[in-house]
Amino acid sequence: MQRVNSVEQLRQSVAAWRAAGDRIALVPTMGNLHDGHMALFRQAYKHAKRLIVSSFVNPMQFGPSEDYERYPRTPDADSEILRRSGCDILFVPEVNEVYPRGLAFATRVQVPGFSEILDGEFRPGHFEGVASVVMRLFSMVQPNVAIFGDKDYQQLLVIRRMATDLFLPVEIVGSPTVRAPDGLALSSRNVYLSEDERAIAPKLYEELRRVAVAIYTDDESAKDLQALETEARRNLRAFGFKVEYFTIRSANTLLTPSLSESELVILVAARLGRARLIDNTRATRP
Ligand code: PAF
């Protein structure tokens with residue numbers, strides 16, 4: 001595995017692959033790799049011959065009071081995991097490589113519609129930061145395909161919309177969420193949970209699944225999605241979560257669904273101690 005820091009080095013390294021017509025996959029990450037990332041790498045190899053993993057904690061997507069400084073950084077362990085996963089290139093740019101003119105003067109990408117709601121409401125500017133850095137990574141790497149986790153469902157839709165709107169020649173692939181045996185979605189931010197909080201955290205997914213099943217199996221509940229949401233928020237609060245949102249939306253538009261909708265997504269964001277957890281599940285009419 002090659003480890004490169006600059007776009008110039010990166011382009012030199014991939015030139016031969018491109019000349020040979022090899023498909024190239026990019027998995028953008030912020031490092032601190034875990035089994036959830038490994039699943040993204042395996043997915044990448046289903047779609048491409050070559051794998052480039054970027055590891056960059058993107059300052060533009062963090063709010064002023066968020067965890068940019070203390071976000072877990074584990075470069076040595078990450079390199080080891082990537083070597084074992086058969087990654088071809090680990091791309092680890094510095095901030096000034098990605099934003100040569102600094103953040104204040106950086107060109108930004110906005111994806112209206114998907115970006116201001118849900119996580120965008122609680123993290124203003126977050127999706128502008130995500131779209132802007134992913135656009136830069138796409139321009140630097142020029143991958144044929146890029147893999148993103150379904151766990152960040154809203155992020156996946158933002159990036160899909162950006163790629164479609166800007167006619168980007170890259171296929172965007174979503175990869176199923178990887179969970180601990182008790183159901184908690186794997187996330188770098190799970191390290192912020194205390195032992196007691198870690199024992200409570202799986203309730204988030206339990207509640208998502210309970211609602212997903214209730215939507216289509218119980219006729220009366222299906223008529224009142226708002227009541228299902230309210231009950232779920234109440235249940236999570238009783239376990240000690242500070243719920244930011246728990247909401248049932250159309251899976252394609254993230255808008256409030258009509259009753260006839262058959263593809264729904266249920267999304268949650270909640271704080272538990274120092275950790276802010278997000279998760280989602282799909283509900284499809286049987
Ligand atoms: O999901 C993440 O880890 C980040 O938002 C991403 C896509 C790497 C952009 O910084």
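Atoms within each ligand, like the ligands themselves, are counted from 1 in listed order.
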Query raised in the report: On the ring face of Tyr153, is Arg282 found with NZ or CZ under 6.0 Å from the centre and within 45° of the axis?
Result: no

Query - Close-contact set for ligand 1 against Val133 heavy atoms, below 4.0 Å - result: 9 (C), 10 (O)

Query raised in the report: Looking at Thr29, which atoms of ligand 1 are within less than 4.0 Å of one of its heavy atoms?
Result: 8 (C)

Query - Between Arg189 and Ser187, a side-chain donor and acceptor under 3.5 Å - result: no

Requested in this report: Look at atom 3 (O) of ligand 1 and say which protein heavy atom is nearest, naming residue and atom and giving the distance to 0.1 Å.
Outcome: Met30 CG, 3.6 Å

Query raised in the report: Which one holds for Ile159 and ligand 1: side chain close, backbone close, both close, or neither close, with close meaning a heavy atom under 4.0 Å?
Result: neither

**Report entry** Between OH on residue Tyr68 and CE on residue Met60, distance to nearest 0.5 Å
**Finding:** 11.5 Å

Query raised in the report: Does an N or O from Gln61, backbone or side chain, lie closer than 3.5 Å to an N or O of ligand 1?
Result: yes

Query raised in the report: Near Pro28, which atoms of ligand 1 are under 4.0 Å from a heavy atom of that residue?
Result: 8 (C)

Requested in this report: Look at the side-chain heavy atoms of Ile, Leu, Val, Met, Phe, Trp and Tyr, link any pair under 4.5 Å apart, and say whether Leu137 and Val170 land in one connected group.
Outcome: yes

Query raised in the report: Is a salt bridge present between Arg210 and Glu207, judged by a nitrogen-to-oxygen distance below 4.0 Å?
Result: yes

Query raised in the report: Going by the angle between their ring planes, with limits at 30° and 60°, are Phe138 and Phe148 parallel, tilted or perpendicular?
Result: perpendicular

Requested in this report: For atom 1 (O) of ligand 1, grab the closest protein heavy atom and report residue, atom and distance to one decimal in Å.
Outcome: Gln155 NE2, 2.9 Å

